[in-house]
Amino acid sequence: MKNKELQEFLDEKVIQYNNPKFIDSDPIQIPHLFSKKEDIEIAGFLTATIAWGKRQMIINNSNKMMELLDNSPHDFVVNHTEKELSKLTNFVHRTFNEIDFQFFIKSLKNIYKNHNGLENVLLITDKSDNYKTAIHNFKKVFFEIPHQSRTTKHVSDPLKNSASKRINMYLRWMVRDNKTGVDFGIWKNHDAANLHCPLDVHSGNVARKLTVLTRKQNDWKAVREMDTTLRKLDKKDPSKYDFALFGLGVFEQF
């Protein structure tokens, strides 16, 4: 498939899936429960963190998280007491358990109190056109307070060649514009041109069938290979093709 044909095909699929109907079956519905910027970004981050496994289970457990945070995630993060933190006991989503959840709340408090929030700590500051170093630096900040080693596995690091699928998905949610009512576009200091298409089994398989990707492993090198093609198709908004690749893989078994 030539670039023009590929672009026409993928653009058509973006239109098909990048609309409010998509929200009904996707974890992005969780941050859509909120209107305050900080609530949206914290709800989105926690939801993206546990976004592996069956989608309905992700949605159900993300809802449980919000209920445990009194449906006011920002207020809970910055004002919680140790007693309130103990309410999170017994939460579990696959390998993400109460120890991880409690630490995430403590770390988010540190980020909002001392680092000007999630938007700031995920900024690209090295003048590059990608989030490789930004995500690595974010992980360093996230774990700068005392933590158990088991919890570090829940934040990926592109410098270790991770595809960082969940963080890239989260960045798409926060940075891409809200024209279609799906993504939020609330991080005005970020540029959608630098976003990456989240890479997982579904999007990777579709990308290989369409020759958007040749690398066999789903890792950071593969993410950057996809960037090369997708940024030629739309240099200002390459991550929109996540809707096409995901939709083709999950809904159409392409």
Side-chain angles (χ1 to χ4, degrees), residues 1-19 21-23 25-28 44 47-55 58 122 124 128-136 155-177 179-180 182-183 190-254:
M1 196 179 291
K2 294 178 181 177
N3 265 13
K4 187 176 180 184
E5 293 172 329
L6 178 65
Q7 182 172 9
E8 288 175 354
F9 176 67
L10 290 179
D11 282 349
E12 184 181 307
K13 292 299 176 182
V14 170
I15 292 168
Q16 182 177 343
Y17 293 112
N18 183 18
N19 61 70
K21 287 186 289 184
F22 179 84
I23 297 171
S25 62
D26 194 78
I28 199 173
T47 299
T49 295
I50 66 166
W52 82 99
K54 293 183 178 178
R55 296 168 85 208
I58 296 165
L122 273 162
I124 295 171
S128 66
D129 67 348
N130 69 87
Y131 280 90
K132 182 177 185 178
T133 305
I135 296 171
H136 171 75
V155 179
S156 57
D157 187 349
L159 286 190
K160 294 183 177 178
N161 205 26
S162 168
S164 298
K165 178 253 180 178
R166 285 169 286 163
I167 293 183
N168 282 324
M169 180 182 71
Y170 173 62
L171 285 164
R172 193 208 86 206
W173 290 357
M174 296 299 109
V175 178
R176 282 195 75 250
D177 67 56
K179 287 176 185 173
T180 65
V182 181
D183 293 322
H190 292 244
D191 187 345
N194 298 324
L195 293 172
H196 311 283
C197 196
L199 176 61
D200 63 9
V201 173
H202 300 294
S203 61
N205 288 343
V206 173
R208 290 180 185 95
K209 287 178 182 176
L210 294 172
T211 66
V212 171
L213 178 63
T214 60
R215 186 171 174 80
K216 292 180 180 178
Q217 298 94 328
N218 289 335
D219 56 15
W220 190 259
K221 289 179 181 177
V223 170
R224 294 298 283 147
E225 183 187 339
M226 285 176 61
D227 285 344
T228 301
T229 299
L230 298 179
R231 291 180 181 188
K232 286 177 183 175
L233 303 184
D234 190 333
K235 66 180 181 179
K236 292 184 179 180
D237 188 19
S239 71
K240 74 180 185 184
Y241 293 112
D242 181 30
F243 291 98
L245 299 178
F246 181 83
L248 283 164
V250 172
F251 299 125
E252 300 186 35
Q253 287 77 50
F254 180 80

* Quick one: sort the His190 and Tyr131 rings into parallel, tilted or perpendicular, breaks at 30° and 60°. => parallel
May I ask you to test the [X]-[Y] pair for a side-chain heavy-atom distance under 4.5 Å?
X      : Y      : answer
Pro198 : Arg166 : no
Thr133 : Ile124 : no
Leu210 : Leu10  : yes
Ile58  : Trp52  : no
Asn130 : Val223 : no
Phe246 : Tyr241 : no
Cys197 : Leu230 : yes
Asp11  : Lys240 : yes

* Provide the full list of salt bridge (Lys or Arg N to Asp or Glu O under 4.0 Å) pairs with a residue in residues 202-215, sequence neighbours left out, each pair given once. => Arg215-Asp219
* Show your reasoning for whether side-chain contact (heavy atoms from CB on, under 4.5 Å) applies to Leu245 and Phe254. => CA-CA 9 Å; Leu245 299 178; Phe254 180 80; over 6 Å; no
* Is the backbone N or O of Phe22 less than 3.5 Å from a side-chain atom of Asp26, with the two atoms forming a donor-acceptor pair by type? -> no
Quick check for you: to the nearest 0.5 Å, what is the distance between [X] atom [atom1] and [Y] atom [atom2]?
X      : Y      : atom1 : atom2 : answer
Thr229 : Glu225 : OG1   : CD    : 6.5 Å
Asn218 : Met226 : CG    : CE    : 9.0 Å
Thr47  : Trp173 : OG1   : CH2   : 5.5 Å
Leu195 : Asp237 : CG    : CG    : 7.5 Å
Ser164 : Leu171 : OG    : CG    : 9.5 Å
Asn205 : His202 : CG    : NE2   : 8.5 Å

* Report the C-alpha distance between Lys160 and His136 in whole Å, list the side-chain angles of each, state the deciding distance to 0.1 Å, and finish with yes or no for side-chain contact (heavy atoms from CB on, under 4.5 Å). => CA-CA 9 Å; Lys160 294 183 177 178; His136 171 75; over 6 Å; no
Check: [X]/[Y] side-chain N/O donor and acceptor closer than 3.5 Å:
X      : Y      : result
Thr180 : Asn18  : yes
Gln7   : Lys4   : no
His196 : Asp227 : yes
Asp200 : Ser203 : yes

* Structure fact -> Sequence neighbours excluded, the answer for side-chain hydrogen bond (donor to acceptor under 3.5 Å, both in side chains) partners of Glu8 is none
Nearest heavy-atom neighbours spanning [X] and [Y]:
X      : Y      : result
Arg55  : Pro27  : NE-CD, 4.5 Å
Leu199 : Ala222 : CD2-CB, 3.5 Å
Tyr17  : Leu248 : CE1-N, 4.3 Å
Pro158 : Ile135 : CD-CG2, 3.5 Å
Ile167 : Val155 : CD1-CG1, 4.0 Å
Ala192 : Pro238 : O-CD, 3.6 Å

* Over-ring placement of Arg172 relative to Phe243, 6.0 Å and 45° cut-offs -> yes
* Would you call Asp191-Lys236 a salt bridge at under 4.0 Å N-O? -> no
* To do: Begin from the C-alpha positions of Asp177 and Asp183 and carry the test side-chain contact (heavy atoms from CB on, under 4.5 Å) through to its verdict.
  => CA-CA 6 Å; Asp177 67 56; Asp183 293 322; over 6 Å; no
